[in-house]
Undergrad: 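What follows is a single structure, and I will ask about it in a moment.
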Amino acid sequence: NSYVAKVLEETKKKNPNEPEYLQAVEEVLTSIEPVVEKHKEFEQLGVGMFVHYGLYSIKGMGEWHFTSQEINRDSSYFDLFNKFNPSKDWAKNVVKTAKDAGAKYICLTTRHHEGFSLFDTCGLNEYDAPHSPAKRDIVREFVDECNKQGIIPFFYHTLLDWHHPD
């Protein structure tokens, strides 16, 4: 029996005289079953590594550096864009570190709240790695290296954008 079937069975026992409620619960549970199964697969991976990487990395600060230091849009923080140029072997080093630690997957921040993207935004803006001194797709390098070393790549991406005035 699947997790969803077990929950549905328990719900029917607790609410036997509410057919409309039970039908709604069954519809919801059935719709999320694929998600539940994917979640189980993810949990079975075991140890993983979450890698925050972006302009804040230049300063050796965390990803919330922008707000924790009360930086505003007019500050020099965004000048870090002109310094962003990871070494050519950054991905190899990160993936090797994760693998040596026993990680089965790595989740990379492809874009954090500062609005800087590690991939080509294809015209949405030019506040991305290919338009920085790096002049390359950092996410592509990461995925290629994960595949090469047998680590599953995952991504974190946010819609928040402290760089954009809206």
Undergrad: Check side chain to side chain donor-acceptor pair (under 3.5 Å) between E10 and all other residues, then give those that pass, not counting sequence neighbours.
TA: none
Undergrad: Do side-chain atoms of T110 reach the backbone of Y156 as a donor and acceptor pair under 3.5 angstrom?
TA: yes
Undergrad: Search all heavy atoms of A129 against all heavy atoms of R136 and return the closest pair with its distance.
TA: CB-O, 3.4 Å
Undergrad: Hey, is the main chain of E18 close enough, under 3.5 Å, to the side chain of N15 for a donor-acceptor pair?
TA: no
Undergrad: Counting only N and O atoms by type, is there a donor-acceptor contact under 3.5 Å from the side chain of K12 to the main-chain atoms of L22?
TA: no
Undergrad: Taking all atoms of both residues into account, what is the closest heavy-atom pair of F84 and I138, and its distance?
TA: CE2-CG1, 4.0 Å
Undergrad: Tell me whether F50 is reachable from V94 by hopping between hydrophobic residues (I, L, V, M, F, W, Y) whose side-chain heavy atoms are closer than 4.5 Å.
TA: no
Undergrad: Quick check for you: to the nearest 0.5 Å, what is the distance between F119 atom CZ and R111 atom CZ?
TA: 7.0 Å
Undergrad: Any Lys/Arg nitrogen of K148 or D144 sitting under 4.0 Å from an Asp/Glu carboxylate oxygen of the other?
TA: no
Undergrad: I'd like to know if the side chain of D128 reaches the main chain of T121, judged simply by a donor and an acceptor atom lying under 3.5 Å from each other, with no hydrogens or angles considered.
TA: yes
Undergrad: Does T30 use its side chain to pair, donor to acceptor, with the backbone of E27 at less than 3.5 Å?
TA: no
Undergrad: Less than 4.0 angstrom from a charged side-chain N to a carboxylate O is my criterion; do K83 and D79 meet it?
TA: no
Undergrad: Are any of the side-chain nitrogens in E9 or K6 under 4.0 Å away from the carboxylate oxygens of its partner?
TA: no
Undergrad: Do L45 and M49 land in one hydrophobic cluster if side-chain heavy atoms of ILVMFWY residues count as linked below 4.5 Å?
TA: no
Undergrad: Find the distance between CG (L8) and NZ (K13) and round it off to the nearest 0.5 Å.
TA: 11.5 Å
Undergrad: Measure the spacing between NZ of K96 and CD of E145 and express it to the nearest 0.5 Å.
TA: 11.0 Å
Undergrad: In Å, rounded to the nearest 0.5 Å, how long is the span from CD of E41 to CD1 of I152?
TA: 9.5 Å
Undergrad: For the hydrophobic clusters of this structure (ILVMFWY residues joined by side-chain heavy atoms under 4.5 Å, transitively), does one cluster hold both F155 and V95?
TA: yes
Undergrad: I need the minimum non-hydrogen distance between E126 and H131, along with the two atoms involved.
TA: O-CB, 3.2 Å
Undergrad: Could you pull out all residues at least two apart from E26 that satisfy side chain to side chain donor-acceptor pair (under 3.5 Å)?
TA: none
Undergrad: So which atom in S57 and which in H52 form the shortest heavy-atom distance, rounded to 0.1 Å?
TA: OG-O, 4.0 Å
Undergrad: According to the interplanar angle, ranging from 0 to 90°, do the rings of F116 and F81 count as parallel (below 30°), tilted (30 to 60°) or perpendicular (above 60°)?
TA: perpendicular
Undergrad: What is the minimum heavy-atom distance between I106 and I151, and which atoms define it?
TA: CG1-CG2, 3.6 Å
Undergrad: For a side-chain contact (heavy atoms from CB on, under 4.5 Å) check, start with the C-alpha distance between K92 and Q149, then their side-chain angles and the critical distance, and finish with the verdict.
TA: CA-CA 9 Å; K92 181 179 180 180; Q149 293 193 44; 4.1 Å; yes
Undergrad: For E43, is the CD atom crowded, meaning more than 12 foreign heavy atoms sit under 6.0 Å from it?
TA: yes
Undergrad: Can Y127 be reached from L80 by stepping across I, L, V, M, F, W or Y side chains whose heavy atoms are under 4.5 Å apart?
TA: yes
Undergrad: Take F42 and F154 through the ring-ring contact (aromatic ring centres under 6.0 Å, His included) test and state the conclusion after the steps.
TA: CA-CA 11 Å; F42 177 76; F154 284 95; 5.4 Å; yes
Undergrad: Would the H112 and Y53 ring centres measure less than 6.0 Å apart?
TA: no
Undergrad: I need the minimum non-hydrogen distance between P86 and A134, along with the two atoms involved.
TA: CD-CB, 3.8 Å
Undergrad: Would you compute the distance between atom SG of C146 and atom NZ of K99 and round it to the nearest 0.5 angstrom?
TA: 10.5 Å
Undergrad: Does H157 have more than 12 heavy atoms from other residues, nucleotides or ligands lying within 6.0 Å of its NE2?
TA: yes
Undergrad: May I ask you to test the P153-Y105 pair for a side-chain heavy-atom distance under 4.5 Å?
TA: no
Undergrad: Give a yes or no on whether V7 and I32 share a hydrophobic cluster (residues Ile, Leu, Val, Met, Phe, Trp, Tyr; joining criterion: side-chain heavy atoms under 4.5 Å apart).
TA: yes
Undergrad: Which distance, rounded to the nearest 0.5 Å, do you find between the CZ of R140 and the CG of L118?
TA: 13.5 Å
